[in-house]
Amino acid sequence: MHRLHPDTLAALQPTVARPAYDRAALEAGIVHLGVGAFQRGHLAAVNEAALHASGDLSWGIAGVSLRSAETRDALAPQDGLYTLSLRDVDEAGTPRASLQVIGCLLGVQVAPEDPAAVLARIAHPATRIVSLTVTEKGYCHDPATGALRADHPDVRHDLARPDAPRSTLGFLVSGLRLRQLRGLAPVTLLSLDNLPSNGHLLRGLVLDFAQLVDPQLARWIAEHCSFPCSMVDRIVPRTTEADRAQVNAALGLEDAWPVVGERFLEWVVEDDFAAGRPAWDAGGARFVADARPFETLKLRMVNGAHSALAYLGAMAGLDTVDRAVATPALHRYLDRLMREEIAPTLPMLPGLDLNAYRQRLLERFANPALAHRTAQIAMDGSQKLPQRLLGTVRDRLAAGAPIDCLALAVAAWLHYLRGVDELGRRHEIQDPLADALAERCAAAERAARAAEPAQADEARVALLATFAPVFGNDLGRDARFVSAVATQLRALREVGVLQTLAILARAAA
């Protein structure tokens, strides 16, 4: 089978969309740090539509992988081309997909191989936007407070070796320093990660890092660069070998790394760009003055519910999101979590029908064509819980409102940290704080054994909830929080996920 490549595009089936612009004329106006499935299924897809709609070919994307050469090695023989497969089911429940070859990714650099080349790309005169999807753990910050971790090994390295950085912040600040020294125009730094006020957070971290390098540089960045906040939403599971085989069969060509996603896409971004922007609205983006209410909606409703479902589903042995949400008890729990405990904490958004939003979200989770694995969502819980669940918890506690469903979601994460599900299958805790969490869990078990049997789970949770990088300095001291989580954790440990859900439902009846 021939490889997907500009020279083989003519061999594609007529139903496969492909670039209709002159790729040879594309210039990289965007540098994207963290080229992964989400960026290729979201930002690049929207950017592709913008290129077709506007004809402005100054907005190609130069990709940067901050860790692995895997994406570069897969896409280099394809000249950056890859297939986006958007999947759902028809009215009869039959899976279907639409295929599009994306052309705006001009190549991928691997940062550890040549950090100087990445810095040169950020400091290139054509670069006007530096965007990033590096996940929550890529910001070298304390998830509970948002503060820069100056003690992070990568931060310490980058301060000592600014010419060969390792971290996202190190590349951004060193690249901006080169722009300043060369008298180049400022750029927009655009976070697409699931973090509250992600633009404001990124700005604060970049300025704090720059201040440690050169206060004058920090002032230049603060005065000239922009950091718009944004909310992104599309479910993009990790590509599997089965996905590759299915896409390649439909293409009639070999694509080493296609991307699979749902048809739904939402992108709300503040219209604050220091050096212009593509016509992303042609691809479905919505430009607003303030993205924070949309961020809160998405983090709490979509991401919070997703994490709750993932931990409960994974522990119950339900390996995919669609299987988990198809379980009646989990479906009812998720609906109640969003309706009774999350929705009352959300800001007002004119024209938003929250009931319709919730129902649409449950339908998206139920999409069997995606096979989104619960284990993928369960990764990096220490970085995700503060943004996805604990802000909602704090708002409910401040209002004196119940947190039974939220407490179960938090307890499910603590339950997941045991490393073995209810079927006896072991799973690795993939988390940047895995070692510290293991130590804290071991200490919590010792505290539980030392306590009276009736108080064992209270003692266990009281110690776990004082882990400040996740829970801050307040929740571990809040008796309401500790008691609510301990009640749910006790039930999970004693009777399992489905029986715990039944008990919770009976208590609410």
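Note that these values count all heavy atoms, side chains included, but never hydrogens, waters or copies made by symmetry. These figures come from a predicted structure and were not determined experimentally.
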Problem - Close aromatic pair by centroid cut-off 6.0 Å: Tyr21 and His52 - result: yes
Exercise for the section: Check the angle between the aromatic planes of Phe38 and His42 and answer parallel, tilted or perpendicular using the 30° and 60° thresholds. Expected result: parallel
Problem - Thr327 side chain to Leu330 backbone, donor-acceptor under 3.5 Å - result: no
Handout entry: Asp380 and Lys137 ion-paired at < 4.0 Å
Key = yes
Problem - Aromatic ring pairing His306/Phe365, orientation class (parallel under 30°, perpendicular over 60°, tilted between) - result: parallel
Exercise for the section: Spell out, as yes or no, whether a donor-acceptor pair under 3.5 Å connects the side chain of Thr94 to the backbone of Asp90. Expected result: no
For residues 234-241, tabulate all N or O donor-acceptor pairs below 3.5 Å that involve a side-chain atom, not counting sequence neighbours.
residue : atom : partner : partner atom : Å
Arg234  : NE   : Glu262  : O            : 3.0
Arg234  : NE   : Phe264  : O            : 3.0
Arg234  : NH1  : Gly41   : O            : 2.8
Arg234  : NH2  : Glu262  : O            : 3.4
Arg234  : NH2  : Arg263  : O            : 3.0
Thr239  : OG1  : Pro258  : O            : 2.8
Thr240  : OG1  : Ala242  : N            : 3.4
Thr240  : OG1  : Asp243  : N            : 3.1
Thr240  : OG1  : Asp243  : OD2          : 3.0
Glu241  : OE2  : Arg244  : NH1          : 2.9

Exercise for the section: Ignoring hydrogens and angles, tell me if any N or O in the side chain of Gln100 forms a donor-acceptor pair with the backbone of Val16 under 3.5 Å. Expected result: no
Handout entry: Shortest non-hydrogen separation from Leu504 to Arg336 and the atoms involved
Key = O-NH1, 3.3 Å
Exercise for the section: With side-chain contact (heavy atoms from CB on, under 4.5 Å) as the test, would you mind laying out the steps for Trp413 and Leu437 before giving the verdict? Expected result: CA-CA 11 Å; Trp413 177 58; Leu437 288 169; 3.9 Å; yes
Problem - Six-ring centre of Phe287, Arg277 cation under 6.0 angstrom, axis tolerance 45° - result: yes
Problem - Sidechain-backbone polar pair: Lys384 side chain, Met379 backbone, donor-acceptor under 3.5 Å - result: yes
Handout entry: Side-chain ion pair, Arg358 and Asp335, N-O less than 4.0 Å
Key = yes
Handout entry: Derivation of the salt bridge (Lys or Arg N to Asp or Glu O under 4.0 Å) call for Asp233 and Arg364
Key = CA-CA 11 Å; Asp233 193 4; Arg364 291 171 60 198; 2.8 Å; yes
Handout entry: Distance-minimising heavy-atom pair for Leu81 and Leu75
Key = O-CD2, 3.7 Å
Problem - Shortest non-hydrogen contact from Val110 toward Ala69 - result: CG2-CA, 3.7 Å
Handout entry: CA sep, side-chain torsions, deciding dist, call: Leu390, Val410, side-chain contact (heavy atoms from CB on, under 4.5 Å)
Key = CA-CA 8 Å; Leu390 299 183; Val410 175; 4.0 Å; yes
Practice task
For the pair Asp319 and Arg425, find out whether any cationic side-chain nitrogen is under 4.0 Å from an anionic carboxylate oxygen.
Solution key: yes
Practice task
Go through the steps for Glu266 and Lys298 under the test salt bridge (Lys or Arg N to Asp or Glu O under 4.0 Å), then give the verdict.
Solution key: CA-CA 10 Å; Glu266 190 167 18; Lys298 198 262 180 168; over 6 Å; no
Exercise for the section: Carefully, step by step, assess Asp457 and Arg493 under the rule side-chain contact (heavy atoms from CB on, under 4.5 Å). Expected result: CA-CA 10 Å; Asp457 284 290; Arg493 293 169 64 91; 3.5 Å; yes
Practice task
Before accepting this row, confirm whether a basic side-chain N of the pair Asp395/Arg300 lies closer than 4.0 Å to the acidic partner's carboxylate O.
Solution key: yes
Practice task
Inspect the surroundings of CG in Asp435 and state if more than 12 heavy atoms from other residues, nucleotides or ligands are less than 6.0 Å away.
Solution key: no
Exercise for the section: Determine yes or no for a side-chain-to-main-chain donor-acceptor pair under 3.5 angstrom, with Thr8 supplying the side chain and His5 the backbone. Expected result: yes
Practice task
Run the salt-bridge test on Glu270 and Arg292 with the 4.0 Å N-O cut-off and return the result as yes or no.
Solution key: no
Handout entry: Test log, rule side-chain hydrogen bond (donor to acceptor under 3.5 Å, both in side chains), inputs Asp193 and Tyr139
Key = CA-CA 10 Å; Asp193 285 303; Tyr139 287 75; 2.6 Å; yes
Exercise for the section: Might you work through the side-chain hydrogen bond (donor to acceptor under 3.5 Å, both in side chains) test for Trp280 and Asn47, ending with a clear yes or no? Expected result: CA-CA 6 Å; Trp280 284 330; Asn47 199 62; 2.8 Å; yes
Fill in the blank from the handout: Of Leu492, Leu318, Thr500, the one forming a side-chain contact (heavy atoms from CB on, under 4.5 Å) with Leu312 is Leu492
Practice task
Would you check, one step at a time, whether the test side-chain contact (heavy atoms from CB on, under 4.5 Å) holds for Leu385 with Tyr311?
Solution key: CA-CA 11 Å; Leu385 257 70; Tyr311 293 119; 4.0 Å; yes
Exercise for the section: Give the C-alpha distance, both sets of side-chain angles, the deciding distance and a yes or no for salt bridge (Lys or Arg N to Asp or Glu O under 4.0 Å) between Asp154 and Arg67. Expected result: CA-CA 12 Å; Asp154 287 349; Arg67 295 289 181 262; 3.4 Å; yes
Handout entry: Ionic contact status for Arg40 with Glu48, cut-off 4.0 Å
Key = no
Handout entry: Pro328 side chain reached by Arg332 side chain, heavy atoms, under 4.5 Å
Key = yes
